Number of protein chains: 2
Amino acid sequence: MFQIQPYSPVPVYEQIVSQTERLVLSGVLKAGDQMPSVRSLSIRLSVNPNTIQKAYNELDARGVLCAVPGKGCFVAVNAGERLTELCRGKLTELRSLADVLALAGIPKEELIQCIESAYEKR
Amino acid sequence: MFQIQPYSPVPVYEQIVSQTERLVLSGVLKAGDQMPSVRSLSIRLSVNPNTIQKAYNELDARGVLCAVPGKGCFVAVNAGERLTELCRGKLTELRSLADVLALAGIPKEELIQCIESAYEKR
DNA sequence: TAACTGTACTAATAGTCATAGTACAGTTAT
DNA sequence: ATAACTGTACTATGACTATTAGTACAGTTA
């Protein structure tokens, strides 16, 4: 369910956050689904429980997960919509990336091609 | 020449690196131009000399600048070409960003519009 | 009651970023 | 030659983050 690269420069908890968000967006995780517990996932990924908790807290704060003390951690009801809103903020990222690539003289068609192929997969 | 945000999450030396690269790509800095000295720039930006040196070292390693002990730091002869090559690597970044946005259901047209407006500026 | 759940702490380690200070060697103009 | 510049190298320190480690508490469920 999760693929963790321990020696990556991107923190483990961020890997869990982004991979969870991907699973929600791709429909693998649906609203109400129970997530693995903090302890069990920490054992399965050979990672400290605190690292998992940090990831779950972040996802809870973003409205993707809903943690219930004593019961477990569940996918929030409007997780998909929340993520779409959050992703819209990434358009700024795309804009500045396109700015640099344009400045570097990369042909516009190459960028368009990247976009096209990303949408063809679906 | 440089606009530094000291409390930004992106390190000061990285800000200098990326801003220098932008100046080279936009033609403000041309091959052979002498950069401000480590010490003078550190004073002007109210930053430690070591921070400037780290930025210049990085730019030297990327082939953008050419540091000559005793003389100064100069824009490398093929700085523009080096940067174009380096930027081509960022297409991967664009690809994964487009993947996420596509997955989130952001309309393809919005992404295309970002690309178009970036190239219209030029 | 026992075994699970999330949560909240503290402590310690490791790494990065930045500051601070010093020193050395090469270049240049006076 | 001297002074003033240049890049470079090095150590030490403080702040912050990521992570591991361990313990403890409160709610839930069979």
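In what follows, chains carry the letters A, B, and so on, assigned in the order in which the sequence lines appear, proteins first and then strands, with residues in each chain numbered from 1. All values below were derived from every heavy atom in this structure, side-chain atoms included, with hydrogens, water molecules and symmetry-related copies excluded. Because the structure is predicted, anything quoted here is derived from the model rather than measured.
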Fill in the blank from the handout: In whole angstroms, the gap separating C1' of dT8(D) from CE of Met35(B) amounts to 17 Å
Completion exercise
Contacts of Tyr56(B) and Pro6(A) projected onto DNA chain D by closest heavy atom; the upstream (5') one is Tyr56(B)
Practice task
Rounded to the nearest angstrom, tell me the gap between atom CG in Asn48(B) and atom C1' in dA15(D).
Solution key: 15 Å
Completion exercise
note: Phe74(B), atom CZ; dC5(D), atom P; distance rounded to Å ~ 16 Å
Exercise for the section: Could you tell me whether the phosphate oxygens of dG26(C), OP1 or OP2, come under 4.0 Å of any side-chain nitrogen or oxygen in Lys71(B)? Expected result: no
Handout entry: Pairing partner of dC9(C) (Watson-Crick or G-U wobble, both distances under 3.5 Å)
Key = dG22(D)
Problem - Listed nucleotide nearest any side-chain atom of Gln53(A), set dG6(C), dA21(D), dA8(C) - result: dA8(C)
Completion exercise
Nearest-nucleotide check on DNA chain D, Gln34(B) vs Glu14(A); residue mapping nearer the 5' end is Gln34(B)
Handout entry: Thr51(A) side chain near dT20(D) phosphate (N/O to OP1/OP2, under 4.0 Å)
Key = yes
Problem - Pairwise distance CG(Leu111(B)) to CG(Leu111(A)) - rounded to 0.5 angstrom - result: 11.5 Å
Problem - pair Arg82(A)-Arg62(A): side-chain heavy atoms closer than 4.5 Å - result: no
Handout entry: Which residue lies more 5' along DNA chain C, comparing Val68(A) with Asn50(A) via nearest heavy atoms
Key = Val68(A)
Practice task
Write down the distance between CD1 (Ile43(A)) and P (dG22(D)), rounded to a whole number of angstrom.
Solution key: 13 Å
Practice task
Counting Watson-Crick and G-U wobble pairs only, both distances under 3.5 Å, name the nucleotide matched with dT19(C), or none.
Solution key: dA12(D)
Practice task
May I ask you to evaluate whether Ser37(A) reaches the phosphate of dC4(C), defined as a side-chain N or O under 4.0 Å from OP1 or OP2?
Solution key: no
Handout entry: pair Ser42(A)-Asn48(A): side-chain heavy atoms closer than 4.5 Å
Key = no
Exercise for the section: Rounded to the nearest angstrom, tell me the gap between atom CZ in Arg39(B) and atom C1' in dA9(D). Expected result: 12 Å
Problem - Tyr13(B) side chain near dC17(C) phosphate (N/O to OP1/OP2, under 4.0 Å) - result: yes
Practice task
Find the distance Leu45(B):CG to dT19(C):P and express it as a whole number of Å.
Solution key: 10 Å
Exercise for the section: Return the value, rounded to whole Å, for the distance between atom CG of Leu65(A) and atom P of dT5(C). Expected result: 16 Å
Problem - Interatomic distance, Leu86(B) atom CG to Glu21(B) atom CD [nearest 0.5 angstrom] - result: 6.5 Å
Fill in the blank from the handout: Ranking Pro49(B) and Cys73(A) by the position along DNA chain C of their nearest nucleotide, the one closer to 5' is Cys73(A)
Fill in the blank from the handout: In whole angstroms, the gap separating P of dT7(C) from CD1 of Ile52(A) amounts to 13 Å
Completion exercise
For dT29(D), the nucleotide meeting Watson-Crick or G-U wobble distances (both under 3.5 Å) is dA2(C)
Practice task
Determine, for Lys54(A) against Glu58(A), whether the closest basic-nitrogen to carboxylate-oxygen distance falls under 4.0 angstrom.
Solution key: no
